S.K.: 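What follows is a structure written as structure tokens; I'll ask about it next.
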Amino acid sequence: MEMKHTVLYFLLFFISLGCSNPSDENKIDFVKRKSPEIVIIADSIKFEGDLGAFRKTVKSNSPETGIQIVTITFKSEQPAELNPLTIKFGFPSVDVNGYWNPTFDGNFNYWRSALTSRASRWAPIMSYYNDNLENRITFALSDALNKIDLSCYVKEEDVHFYPTFRLFSEKMPLTDSYEIQLRIDTRSIPFHKAVAGIADWWANMDQYKPANVP
């Protein structure tokens, strides 16, 4: 019993120390450190698949700080069929605590997520944010009409996320040219504003011009 009383005494003693008000010189100021910006180098974006008759060109530009537009163009000498193609890139899992995509149902298991978008279902967009709901990276493709399989998983060996877009898994009309853009937003803004920025980006395209509401 004496041992129990002794242990209880020390527990109460340390609890009282924790509850006491420290002097000003002993106070600790907790400073939230800004996480490093995520940078995606255009040359690091990988393409997997048989291009067939098409030649591929990749150009990247930054219309404003924190936003990158990667334009991928496919051209052939004559109309041909676009074969299935996969686009991949990676980014570090630093200060990432959640994600959003059009299928979001409240499941915060951001270790692996996937969706299939087309004109009548969802959209090719995904957003990752930190515990302040601040955007870390939001990315989307310009083609919201044709079928695109989008997935993203984290690789434990290097602690990086790897977004993957699979294009042309359904037959496309014969063509001699096709262009698609990848928009990457790494601005430190509320993630819902980054998502809204993607919506505005789509709305400014002729093929997605919003209909007049009567």
Side-chain angles (χ1 to χ4, degrees), residues 31-51 56-73 84-117 122-144 147-169 180-199 201:
V31 179
K32 180 175 176 58
R33 295 185 178 182
K34 186 176 181 180
S35 297
E37 181 183 356
I38 294 174
V39 178
I40 306 298
I41 301 173
D43 290 343
S44 70
I45 299 174
K46 298 179 180 179
F47 300 87
E48 297 177 358
D50 180 12
L51 295 178
K56 170 179 60 66
T57 59
V58 180
K59 296 182 180 179
S60 176
N61 73 296
S62 180
E64 63 178 277
T65 302
I67 293 182
Q68 183 179 6
I69 304 291
V70 180
T71 302
I72 307 140
T73 305
L85 181 75
T86 300
I87 303 174
K88 295 181 177 180
F89 65 95
F91 63 90
S93 176
V94 177
D95 194 24
V96 174
N97 290 291
Y99 78 93
W100 177 91
N101 69 31
T103 70
F104 185 70
D105 58 2
N107 178 11
F108 283 93
N109 179 16
Y110 58 87
W111 300 102
R112 180 179 290 276
S113 57
L115 66 93
T116 297
S117 73
W122 312 129
I125 177 176
M126 191 169 288
S127 180
Y128 285 81
Y129 53 83
N130 62 19
D131 57 357
N132 290 322
L133 301 182
E134 185 179 69
N135 177 57
R136 292 295 289 143
I137 184 170
T138 298
F139 46 84
L141 288 180
S142 58
D143 189 347
K147 179 185 176 183
I148 293 177
D149 295 311
L150 191 165
S151 65
C152 189
Y153 70 96
V154 66
K155 185 177 179 182
E156 295 183 358
E157 288 81 357
D158 60 8
V159 199
H160 274 58
F161 282 99
Y162 288 97
T164 300
F165 301 90
R166 182 170 171 79
L167 283 60
F168 318 137
S169 60
I180 192 169
Q181 291 183 324
L182 169 63
R183 188 180 194 268
I184 302 172
D185 186 342
T186 56
R187 293 176 296 172
S188 297
I189 58 176
F191 87 93
H192 67 86
K193 290 187 177 181
V195 172
I198 298 289
W201 178 57

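Bear in mind the structure is a predicted one, so any value in this text is a computation, not a measurement.
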S.K.: Begin from the C-alpha positions of Gln181 and Thr71 and carry the test side chain to side chain donor-acceptor pair (under 3.5 Å) through to its verdict.
M.R.: CA-CA 4 Å; Gln181 291 183 324; Thr71 302; 3.1 Å; yes
S.K.: Measuring from atom OG of Ser117 to atom CG of Leu141, what distance do you get when rounded to the nearest 0.5 angstrom?
M.R.: 7.5 Å
S.K.: Could you tell me whether a side-chain N or O of Asn101 sits under 3.5 Å from a main-chain N or O of Leu115, the two making a donor and an acceptor?
M.R.: no
S.K.: Counting C-beta onward and ignoring hydrogens, is there a side-chain heavy-atom pair between Trp201 and Ser142 closer than 4.5 Å?
M.R.: yes
S.K.: Quick one: CD1 on Ile137 to CD1 on Ile38, what's the gap to the nearest 0.5 Å?
M.R.: 5.0 Å
S.K.: Locate the shortest heavy-atom distance separating Ser62 from Glu64; write the atom from each residue and the value.
M.R.: OG-O, 2.9 Å
S.K.: Restricting to non-hydrogen atoms, name the atom on Gln68 and the atom on Ser60 that form the minimum distance, rounded to 0.1 Å.
M.R.: NE2-OG, 2.9 Å
S.K.: Begin from the C-alpha positions of Asn130 and Ser35 and carry the test side chain to side chain contact (heavy atoms under 4.5 Å, CB included) through to its verdict.
M.R.: CA-CA 10 Å; Asn130 62 19; Ser35 297; 5.7 Å; no
S.K.: Assign the ring pair Tyr128 / Phe161 to parallel, tilted or perpendicular, where the plane angle (0 to 90°) is split at 30° and 60°.
M.R.: tilted
S.K.: Supply the atom-to-atom distance Ile67 CD1 to Arg187 CZ, rounded to the nearest 0.5 angstrom.
M.R.: 3.5 Å
S.K.: Mind checking the CD1-CZ spacing from Ile87 to Phe139? Nearest 0.5 Å is all I need.
M.R.: 12.0 Å
S.K.: Just so I know, are the side chains of Val94 and Pro36 near enough to count as touching, which here means a heavy-atom distance under 4.5 Å?
M.R.: yes
S.K.: May I ask you to decide if Glu134's main-chain N or O and Asn132's side chain share a donor-acceptor pair within less than 3.5 Å?
M.R.: no
S.K.: For Tyr162, check ring pair (Phe, Tyr, Trp, His ring centres under 6.0 Å) against everything at least two apart and list the hits.
M.R.: Tyr153
S.K.: Using 0.5 Å steps for rounding, measure from the CD1 atom of Ile45 to the CD1 atom of Ile184.
M.R.: 5.0 Å
S.K.: State, yes or no, whether a side-chain contact exists between Lys193 and Asn135 at a heavy-atom distance under 4.5 Å.
M.R.: no
S.K.: Tell me the closest heavy-atom pair linking Asp143 and Ile148, and the distance in Å.
M.R.: O-CD1, 3.2 Å
S.K.: Hey, does Leu150 have a side-chain heavy atom less than 4.5 Å from the side chain of Pro163?
M.R.: no
S.K.: Roughly how far apart are Asp131 CG and Asp95 CG, rounded to 0.5 Å?
M.R.: 6.0 Å
S.K.: What's the shortest heavy-atom distance between Pro63 and Asn61, and which atoms?
M.R.: CD-O, 3.6 Å
S.K.: Please name the pair of heavy atoms, one in Ala114 and one in Thr103, separated by the smallest distance, quoted to 0.1 Å.
M.R.: O-OG1, 4.4 Å
S.K.: Kindly indicate whether the side chain of Thr86, heavy atoms from C-beta on, has any atom under 4.5 Å from the side chain of Pro84.
M.R.: no
S.K.: Does the side chain of Trp100 come within less than 4.5 Å of Ile125's, by heavy atoms?
M.R.: yes
S.K.: Are side-chain heavy atoms of Leu85 and Phe47 found at a separation under 4.5 Å?
M.R.: yes
S.K.: Taking side chain as C-beta onward, heavy atoms only, is Leu182 less than 4.5 Å from Phe89?
M.R.: yes
S.K.: Kindly give the heavy-atom pair with the smallest separation between Gly66 and Glu37, and that separation in Å.
M.R.: CA-OE2, 4.1 Å
